[in-house]
Amino acid sequence: MNGPGRTPNRLPRPPGEYAALERAWRKPAGWRVLTAVNNTRIGRLYLATAFGFFLFAGILALAMRLQLAVPGNDLLQPATYNQFFTMHGTVMMFLFAIPMVEAIAVFLLPGMLGARDLPFPRLSAYAYWAYAFGGAGFIVTLAFGLAPDGGWFMYPPLTGKEYSPGLNADFWLLGIGFIEISAIAGAVELIIGILFTRTPGMTLARMPVFAWSMLVVAAMVVFAFPPLIAGTALLELERAYDWPFFIAARGGDPVLWQHLFWFFGHPEVYIIFLPAAGMASSMLPALVQTPLVARRAVIASLVAVGSLSFALWMHHMFTAGLGQLETTLVSAASMAIAIPTAVQVFAWIATLWRGRVQFNAPTLFILGFLLVFVLGGLTGVMVAAVPFDWQAHDSYFIVAHLHYVLVGGLVFPMFAGAYFWMPLFNGHRMSEALARWVFGLVFAGTNVAFFPMHISGLLGMPRRVYTYGSEMGWTALNLASTVGALLLAGGVALFTLDLVRTLRRPQKAHNNPWRASSLEWLPQDEYATRSQPEVRSAEPLWRQALLVEQVASGMHWLPGSVTGKRETLVTGWRDARPRHLLVLPGDSWLPFLCALGTAGFFLLMTMQQAVAAWLFGALAIVTLVAWLWRADRPLAAGAAFVAEGIALPVGAKGTASHSWWATWVLVVVDAAIFASLAFTLLHLSMRLDTCPPPGAHLPGAPWPWLQATLMAASSVLAWWSGRRAGQWWPMLAAGGCLVAAFAADLGAHRYAGLAPSRDAWSAAVAALLAYEGLHVAVLAPAVVFVAARGKLREASRATLDNTILLWHCAVGQALAGLVLLQML
Amino acid sequence: MTPPLQSVLSPAGPDGVLLSRFSWLLFAVGAAIFLVVATLVLASVVRKVRRSQSRRLVIVGGLLFPVPLLAALMGWSGWQAAQLTWPFSGTRIHVTVTAHMWWWEVRYRDTATGREAVLANELRLPVGERVYLALTSEDVLHAFWVPALAGKADMVPGRVHGLTLHAAAPGRYRGQCAEYCGTQHAAMAFDVVAVAPQEFDTWLAGQALMVTPPSLSGAALHRGREVFLAARCGACHTVRGVAEGGTLGPDLTHVASRSHLAAGALPFSRAALIGWIANPQAAKPGARMPPATLAPEELQALATWLETLR
């Protein structure tokens with residue numbers, strides 16, 4: 001690039017360049033609004049939907065608090081109350097908290113990174129619509145009295161078929177399924193987006209702390225969601241086909257669910273908190289006009305918290321009869337996680353001390369966040385101490401703790417973020433005068449609602465009770481909590497009114513009202529910034545004078561559209577130098593329709609309407625095939641000028657392809673699901689007196705060898721087909737071997753008498769077999785697809801490469817499964 | 001003001017006392033730390049410091065202070081946990097508590113005398129003596145929690161969890177199910193009554209007895225027993241000496257010796273008994289007991305007879 005102080009491009013810009021950029025990124029109008037895939041459009045939808053679910057779950061909570069305001073109340077019948085508290089927790093955790101942090105990332109992150117969009121826009125759109133349809137269907141069940149009522153973590157055996165015979169639990173499992181899709185898709189987007197599409201010059205060290213927190217969170221999702229996916233699949237298999245994973249009488253174990261769920265559930269709360277912490281770290285410097293103190297320590301703390309959070313899950317099970325060793329280790333880890341958390345808290349306090357604190361809306365909410373979250377964190381350390389937890393567990397003390405950390409740790413930063421980043425929507429700030437009232441009501445309401453719960457818990461009030469006796473001494477505390485909830489609701493209502501009022505104001509330029517330092521505050525439009533900025537520091541808007549004008553006039557990278565389509569730069573993950581031009585897909589009906597088909601299929605199947613379900617399923621499959629068909633097409637231009645004298649290749653293949661790395665993320669998710677199923681088999685085996693249990697047999701000697709040979713052969717053939725991209729026979733032969741291997745496996749097990757309903761161990765073996773079958777069911781059509789696309793040119797072989805990668809993963813799992821079974 | 005019925009902070013045995021003191025310590029330290037942090041947060045509004053001081057704050061607050069404190073807490077917590085009474089079945093009295101939706105099946109075994117007794121929804125303990133509880137569940141997850149005496153333990157079908165209780169003072173201590181178990185989780189409570197050892201032995205001997213056969217004076221009592229049999233209450237409820245084998249519902253052999261009905265939902269009284277039998281769904285919607293289609297006269301007679309089952 002030209003010397004220091006020179007920009008990648010010079011003025012004047014050629015005529016038509018800006019018009020081409022605008023044209024490529026034009027936002028759709030009318031019905032076509034549903035085809036939008038741009039992150040600014042999808043981000044807005046996502047934020048609005050997540051906030052809507054927050055309000056809905058909040059109303060459920062108000063009803064619950066009104067029921068508990070006085071003892072012996074009959075405002076809500078117990079069955080209704082139990083559905084309400086289950087829905088409150090489920091909607092808050094799965095339809096509000098996770099989607100909200102994803103929504104904020106979708107909306108904000110590309111701008112912060114100087115990218116034009118996320119790397120897989122149609123995937124984001126699909127993930128959003130799947131979430132929206134799935135979530136909407138889920139809350140409608142409440143109107144029919146079919147909402148789940150087993151608590152938000154749905155412990156079996158209560159949620160098994162015997163004790164929950166209705167469809168309620170199946171709807172919960174369904175709803176969770178959509179969130180799983182959304183979350184994994186989000187994780188792929190975030191990891192690839194953060195590692196591949198940062199603007200030139202933005203090394204990882206210069207990346208905003210919020211982006212770091214999202215990178216950590218995306219990695220956490222990759223490892224945390226698979227056990228949930230496995231667990232929910234197993235519960236549905238138990239309910240639908242009587243595979244008794246959690247039924248003690250047939251060798252199952254209810255505690256197995258707890259392991260699988262909380263291995264997800266504990267990282268989940270940090271998945272919720274870390275983005276909020278990242279937001280605070282990104283807002284605070286602007287609010288106090290000084291860089292974040294101990295920035296590197298804060299980033300290291302994010303990584304530490306993210307990693308350590310995977311060691312804590314058993315602290316939700318201290319009363320479940322675990323052994324002393326694991327109890328002690330988990331207790332120690334649960335206390336240890338307070339250390340990196342404390343580093344962040346003190347970094348924020350130190351930043352406040354160094355800078356000038358003004359009482360504006362975002363600052364108020366950040367101060368509130370610090371106070372409420374720290375109190376919640378302290379009660380968290382208290383319950384990390386096992387003896388105390390033996391009293392506090394499952395009492396209102398825990399309800400108090402969890403609300404202090406979640407309301408303090410997510411809701412307060414969310415409000416702060418809303419007040420802070422509102423100008424990005426239409427240039428206007430929200431009302432400072434109303435914000436003081438909102439803060440007062442929310443802060444007071446939070447404390448008045450939840451502090452008394454510490455006391456009622458220690459006075460013996462258990463969780464999840466629809467009423468209590470007047471002789472228990474909990475009356476005044478509950479009444480206070482209800483008053484607090486009403487105050488909190490008042491604050492939220494006032495905020496919502498101001499939000500709507502502000503969003504309806506006419507568009508204007510925001511002019512960076514907080515004088516923030518990060519790139520999302522550059523003038524943005526549908527195409528993000530006019531050119532992608534060359535960044536030279538962690539606070540570009542503070543350190544690089546003239547950056548705003550230069551970027552807006554097109555003097556930085558990629559000021560137009562080379563191919564006439566939507567594009568963004570791919571940069572090296574370490575040096576942040578431009579590598580190639582990524583052409584992004586434009587608006588399309590396919591993600592919307594595919595999501596509609598997916599949601600409709602699963603919802604109608606749950607309602608046992610098979611014919612209607614398959615119609616939607618067909619829609620999903622057809623749109624998916626059309627979508628994949630159009631992806632990975634060879635591109636017209638071979639090289640593109642993104643700056644003066646700098647030409648980059650258009651697209652990339654092999655290990656430089658962003659889709660290759662996205663496939664690797666899927667491989668890790670897949671392997672983690674497999675590991676969860678393997679854990680299931682191990683856990684159940686350990687509880688048996690004899691293994692295999694009486695009556696169960698594994699296939700005898702020649703079969704596993706045959707299967708292993710066929711699997712390995714299919715992998716070799718798949719690899720060969722990658723080397724000989726023009727020929728179709730290696731891929732078809734690989735497919736044949738794969739199908740034959742699975743058929744052999746399935747046949748051998750059935751011949752040996754595998755009966756999954758008889759006992760839980762057999763069910764676990766069957767689950768591994770079924771997972772293998774799922775891979776075959778995806779890869780076999782993939783073979784046909786790849787072969788049918790015919791001319792597999794070297795230039796556009798991403799689908800082939802990705803398929804081969806997934807192939808090796810599947811074969812690896814099959815072989816691992818064989819070894820596992822033979823060793824047991 | 002009545003003393004709290006179910007409070008962690010009103011302990012009645014050595015374990016309860018230890019846990020209560022531990023709670024106060026945690027609360028005191030937590031409150032102190034919170035006040036310091038809150039002061040630092042609010043002081044930031046007025047103070048301005050140099051960069052090196054601010055880094056120092058992060059190191060002190062984030063590392064130098066928490067690490068030793070948490071290490072000390074971990075050590076103290078482990079030490080306290082070790083001081084608690086660990087499940088120990090070498091006690092004289094064994095009680096098997098099996099949780100059902102939504103009542104407690106209680107089986108006593110005096111290992112010294114071999115005496116066994118089956119009851120429901122109430123435990124009695126001899127003051128000053130350790131008693132071993134074997135906890136399990138017949139259906140879904142439940143948890144046994146009597147805050148005045150000990151921490152809680154989950155009751156998992158297919159597993160047996162041990163808990164050793166030790167009451168130091170006589171009294172009545174309430175416990176409640178602490179793991180969500182369905183519709184009436186809120187109304188699944190029990191009483192633990194600690195009495196002098198002599199009184200305990202007498203009580204246990206009484207509980208082990210069957211109902212004495214009909215030297216029942218009074219036509220009403222005789223009638224009550226007839227109603228019980230005719231209405232087939234014995235299909236679910238055992239009254240030893242009258243109807244055996246009913247295990248779906250609580251054992252009623254000595255129902256009138258207990259303080260509450262329906263697992264703590266109603267205080268025991270004649271009116272409560274009649275109301276409960278006539279329509280259990282009124283007090284405990286979702287309870288598994290069907291309403292009794294009995295004439296008022298039959299209900300009265302039944303209640304009269306049940307009241308004699310002390």
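Each chain gets a letter, A, B and so on, in the order the sequences are listed, and its residues count up from 1. Here the structure is a predicted model, which means the values were calculated and not measured.
A distance below 6.0 Å separates the ring centres of A:Phe261 and A:Trp152. Aromatic pair A:Trp474/A:Tyr396: ring centres not closer than 6.0 Å. The six-membered or imidazole ring of A:Phe397 lies near that of A:His454, with a centre-to-centre distance under 6.0 Å.
For B:Ala187, no part lies near chain A; criterion is any non-hydrogen pair under 4.5 Å. Looking at B:Trp86, the atoms closer than 4.5 Å to chain A (heavy atoms on both sides) all sit in the side chain, from C-beta outward. Contacts between A:Phe359 and chain B at a heavy-atom distance below 4.5 Å involve the side chain alone, from C-beta outward. Both the backbone and the side chain of B:Leu141 come within contact range of chain A, judged by heavy atoms closer than 4.5 Å. With a threshold of 4.5 angstrom between heavy atoms, B:Tyr180 approaches chain A through its backbone and through its side chain. With a 4.5 angstrom heavy-atom cutoff, A:Ala392 touches chain B only via backbone atoms. Only the side chain of B:Val156 comes within less than 4.5 Å of a heavy atom in chain A; its backbone stays farther off. Contact annotation for A:Val381: both backbone and side-chain heavy atoms come within less than 4.5 Å of a heavy atom of chain B. In this structure, chain A has heavy atoms under 4.5 Å from both the backbone and the side chain of B:Asp139. With a threshold of 4.5 angstrom between heavy atoms, B:Leu40 approaches chain A through its backbone and through its side chain. Heavy atoms of B:Glu179 lying under 4.5 Å from chain A belong to its backbone as well as its side chain. Heavy atoms of B:Met101 lying under 4.5 Å from chain A belong exclusively to its side chain. Of the atoms belonging to A:Leu352, heavy atoms from both backbone and side chain fall under 4.5 Å from chain B.
Heavy-atom pairs under 4.5 Å with chain B were tallied for A:Gly457, A:Ser331, A:Gly377, A:Pro340; the largest tally goes to A:Ser331. When B:Ser44, B:Ala186, B:Ser23 are compared by the number of non-hydrogen pairs under 4.5 Å with chain A, B:Ser44 comes out ahead. Annotation: maximal heavy-atom pairing with chain B below 4.5 Å, among A:Ala320, A:Gly321, A:Ala384, A:Ala347, occurs at A:Ala320. Contact tally against chain A (heavy-atom pairs below 4.5 Å) for B:Ala148, B:Pro66, B:Gly78, B:Pro285: the top residue is B:Pro285. Chosen from B:Ala31, B:Ala150, B:Ala71, the residue pairing most often with chain A at heavy-atom distances under 4.5 Å is B:Ala150. Per-residue counts of heavy-atom pairs under 4.5 Å with chain B were compared for A:Val343, A:Leu459, A:Thr328, A:Thr363; the largest is that of A:Leu459. Per-residue heavy-atom pair counts under 4.5 Å with chain B were compared for A:Pro157, A:Gly469, A:Ala248, A:Gly473, and the maximum is reached by A:Pro157. Chosen from B:Val146, B:Leu42, B:Ile33, the residue pairing most often with chain A at heavy-atom distances under 4.5 Å is B:Ile33. Interface remark: of the candidates B:Ser77, B:Gly264, B:Ala38, B:Ser77 forms the most heavy-atom pairs closer than 4.5 Å to chain A. Put simply, of B:His161, B:Gln176, B:Lys152, the one with the most heavy-atom pairs under 4.5 Å next to chain A is B:Lys152. If you tally non-hydrogen atom pairs under 4.5 Å between each of A:Gln391, A:Met335, A:Arg687 and chain B, the highest count goes to A:Gln391. The candidate from A:Val386, A:Leu370, A:Asp253 with the greatest count of non-hydrogen atom pairs under 4.5 Å with chain B is A:Asp253.
Interatomic distance, B:Leu26 CG to B:Trp76 CH2, rounded to the nearest 0.5 Å: 10.5 Å.
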### Task
Run the numbers on B:His260 and B:Asn121 for side chain to side chain contact (heavy atoms under 4.5 Å, CB included), then give the verdict.
CA-CA 8 Å; B:His260 285 85; B:Asn121 299 329; over 6 Å; no
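For the pair B:Arg159 and B:Asp154, the salt-bridge criterion is not met [side-chain N within less than 4.0 Å of a carboxylate O].
Side-chain atoms of A:Trp390 never come within 3.5 Å of backbone atoms of B:Ala81 as a donor-acceptor pair (strictly under, hydrogens ignored). Counting only distance, with no hydrogens or angles, the side chain of B:His185 and the backbone of A:Arg463 share a donor-acceptor pair below 3.5 Å.
The two residues A:Leu684 and A:Gly251 come nearest to each other via the heavy atoms CD2-O, 3.6 Å.
Other residues, nucleotides and ligands place no more than 12 heavy atoms under 6.0 Å from the CD atom of A:Gln324. When the shell of 6.0 Å around OH of A:Tyr163 is examined, it contains more than 12 heavy atoms from other residues, nucleotides or ligands.
Using cut-offs of 30° and 60° on the angle between ring planes, the pair A:Phe153 and A:Tyr155 is tilted.
If you check the side chains of B:Arg130 and B:Thr85, you find no donor sitting under 3.5 Å from an acceptor. Side-chain atoms of A:Tyr404 and A:Asn447 form a donor-acceptor pair, as typed in the model, at a separation below 3.5 Å. Side chain to side chain, A:Gln258 and A:His316 fail the donor-acceptor criterion of an N or O pair below 3.5 Å.
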